[in-house]
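Treat the numbers as computed from the prediction; the structure is a model and nothing was measured.
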Amino acid sequence: MDHLAANLMHFGRVLRTAGLPVGTDRLLLAAQALRAGTLASRQDFRAALAACLVDRPEHRPLFDQAFHVFWRDPDLLGRIMALLLPQAEGRASAPPPPENRRLAEALFPAPAPEPAPAAEQVSVDARLAVSDRELLQRRDFDTMTAAEWAAARQVLAAMQPVLARQLTRRSTPATRGRIDWRASLRAEARCDLAPPAHQRPRSRPRPLVLLADISGSMGRYSRVLLHLAQGLLNPGGGLREPPVVEVFVFGTRLTRLTRQLRCRDPDVALAAASAAVPDWAGGTRISASLRAFNRDWARRVLGGGAATVLLVTDGLERSDDPDHPDVGARALAAEAERLRLSCRELIWLNPLLRFDGFEPRAAGVRALLPEVTRHLPVHNLDSLAQLLAALR
């Protein structure tokens with residue numbers, strides 16, 4: 001049993017390095033479950049560990065891959081099952097899961113380079129070299145390692161876009177411009193020969209609404225946009241006026257996350273957002289979610305048609321009637337048209353544009369394309385730079 005505890009601790013260390021929040025309490029719970037449970041197969045062993053170490057659906061694919069790689073040694077698994085139950089059978093054959101670079105980095109860390117001689121050491125104050133930064137800019141969010149994702153989060157934290165401003169009907173004092181007759185007369189009443197006061201139209205940041213798809217294929221990309229939205233909701237002191245930002249996510253239903261993302265700590269804000277969404281990394285119903293937004297939230301958050309809407313999805317709509325997929329596509333087109341007519345600009349951010357041979361063949365993609373103002377990629381830091389330029 002001592003060997004099993006050591007292997008379990010090693011497995012937990014691998015999961016933490018790969019990005020899963022596995023604490024000591026969960027490892028102790030897993031050890032108790034393995035001692036108390038009756039495990040007759042590899043599936044039972046895997047289910048017991050998953051029940052104790054995984055608490056979010058988006059973490060399950062990474063756990064499954066780590067389990068497959070870490071416990072794939074037949075002799076090691078046989079010795080562990082012999083400790084738990086002597087009559088345990090051998091492992092069942094299963095197809096290998098897809099490759100994960102963060103998991104590979106956690107399981108097989110690169111050896112530390114040998115230190116150079118003291119006479120040849122040169123101090124350089126730089127976080128990323130130019131070549132590393134260029135590679136990071138082009139790296140797909142879905143294939144980043146844990147170290148690359150941490151570096152990308154630092155870049156995202158520095159990306160505080162200055163949103164385009166719009167003129168309002170109100171005015172503000174100015175040193176030149178139109179004469180403010182009311183302020184001039186008040187100044188004249190207080191002091192003879194007072195100089196005339198001037199005014200200019202007041203401007204404010206254009207409202208921004210984020211609608212992000214959090215289905216299984218979109219979770220990683222939407223999380224990046226949530227990081228950007230959290231930065232916009234917590235601006236630094238250099239901004240004259242905080243922007244008006246509203247954040248919604250949808251899978252099989254629509255959920256508003258503006259309140260959760262107002263927390264200044266990005267990690268706490270994203271954790272609260274994940275806890276508030278019951279359908280993270282599940283299915284997707286784009287037309288139903290857009291219908292709920294148009295019905296319940298459009299009048300409240302679109303600022304009378306002045307807002308810019310960012311729709312983050314791959315456009316792969318699940319039809320409620322598989323025999324008639326065109327019915328779902330027509331409903332999606334109608335809701336997208338209603339949304340476009342209610343806002344100033346509807347920008348579709350699609351990670352599928354990272355493929356050179358992308359063609360709009362899916363019914364949902366064909367339904368959305370005529371209704372959007374712009375169709376942009378969102379898969380790496382370069383594409384986010386294009387988006388920020390468009391928002392300015």
Task: Intermediate values then yes/no, side chain to side chain contact (heavy atoms under 4.5 Å, CB included), L226 and L210 - done: CA-CA 9 Å; L226 292 182; L210 175 64; 4.2 Å; yes

Open item on the list: Are the side chains of S287 and R330 in contact, using a 4.5 Å heavy-atom criterion?
Closed with: no

Open item on the list: Tell me if a side-chain donor or acceptor on T313 pairs with a main-chain N or O of D213 at a distance below 3.5 Å.
Closed with: no

Task: Donor-acceptor under 3.5 Å (S215 side chain, G251 main chain) - done: no

Open item on the list: Distance check, rounded to the nearest 0.5 Å: I214 atom CD1 versus S222 atom OG?
Closed with: 7.5 Å

TODO: For a side-chain contact (heavy atoms from CB on, under 4.5 Å) with V249, tell me which candidate from L225, D279, L257 qualifies.
DONE: L257

Task: Between CZ on residue R340 and CG on residue L311, distance to nearest 0.5 Å - done: 13.5 Å

- [ ] Looking only at non-hydrogen atoms, find the nearest pair between T284 and I286 and report the distance.
- [x] OG1-CG1, 3.6 Å

Open item on the list: If you count every heavy atom of other residues, nucleotides or ligands that lies below 6.0 Å from R300 atom CZ, does the total exceed 12?
Closed with: yes

Open item on the list: Show the nearest heavy-atom pair for residues A333 and E371, with the distance to one decimal.
Closed with: O-CG, 4.0 Å

Open item on the list: Any side-chain to backbone donor/acceptor pair from R354 onto P351? Under 3.5 Å, distance only.
Closed with: yes

Task: Parallel, tilted or perpendicular: ring planes of H375 versus W348, cut at 30 and 60 degrees - done: parallel

Open item on the list: Just verifying a value: how many Å separate L376 CG and T373 OG1, rounded to the nearest 0.5 Å?
Closed with: 10.0 Å

TODO: Give the minimum heavy-atom separation between C343 and V309, together with the two atoms involved.
DONE: CB-CG2, 3.7 Å

- [ ] Please report the shortest heavy-atom distance between P377 and L353, naming the atom on each side.
- [x] N-CD1, 3.6 Å

Open item on the list: Check for me, please, whether L369 and L341 land in the same ILVMFWY cluster - side-chain distances under 4.5 Å, paths through other members count.
Closed with: no

Open item on the list: So L49 and F63, do their side chains get closer than 4.5 Å, heavy atoms only?
Closed with: yes

Task: Value rounded to 0.5 Å, distance of CG in L208 from CZ in R206 - done: 11.0 Å

Open item on the list: I need the minimum non-hydrogen distance between A229 and V247, along with the two atoms involved.
Closed with: CB-CG2, 3.6 Å

Open item on the list: With a 4.5 Å cut-off on side-chain heavy atoms, are L332 and L290 touching?
Closed with: yes

Open item on the list: Restricting to non-hydrogen atoms, name the atom on C263 and the atom on Q230 that form the minimum distance, rounded to 0.1 Å.
Closed with: O-NE2, 2.7 Å

TODO: Take L387 and L310, measure what side chain to side chain contact (heavy atoms under 4.5 Å, CB included) needs, and give me the verdict at the end.
DONE: CA-CA 10 Å; L387 170 63; L310 302 180; 4.0 Å; yes

- [ ] Would you indicate whether the side-chain heavy atoms of F248 and T255 approach each other to under 4.5 Å?
- [x] no

Task: Interatomic distance, L8 atom CG to R26 atom CZ [nearest 0.5 angstrom] - done: 13.0 Å

TODO: Rounded to the nearest 0.5 Å, what's the gap from CG on L254 to CG on L211? Could you check?
DONE: 7.0 Å

Task: Sidechain-backbone polar pair: R200 side chain, A174 backbone, donor-acceptor under 3.5 Å - done: no

- [ ] Assess whether side chain to side chain contact (heavy atoms under 4.5 Å, CB included) is satisfied between W280 and R223, documenting all intermediate values.
- [x] CA-CA 11 Å; W280 194 288; R223 188 175 291 272; 3.4 Å; yes

Task: Heavy-atom check, side chain of E345 versus side chain of R374, under 4.5 Å - done: yes

Open item on the list: Determine whether a donor-acceptor pair (N or O, by modelled atom type, separation under 3.5 Å) exists between the side chain of N294 and the backbone of E335.
Closed with: yes

- [ ] Could you tell me whether the side chain of D180 reaches within less than 4.5 Å of the side chain of H198, counting heavy atoms only?
- [x] no

Task: 4.5 Å side-chain heavy-atom contact, R46 and D64 - done: yes

Open item on the list: Are the side chains of L27 and L53 in contact, using a 4.5 Å heavy-atom criterion?
Closed with: yes

TODO: Might you work through the side chain to side chain contact (heavy atoms under 4.5 Å, CB included) test for D314 and Y221, ending with a clear yes or no?
DONE: CA-CA 10 Å; D314 52 12; Y221 304 101; over 6 Å; no

Task: Geometric class of the F11/F67 ring pair [parallel <30°, tilted 30-60°, perpendicular >60°] - done: perpendicular

Task: Donor-acceptor pair between E246 and T258 side chains, under 3.5 angstrom - done: yes

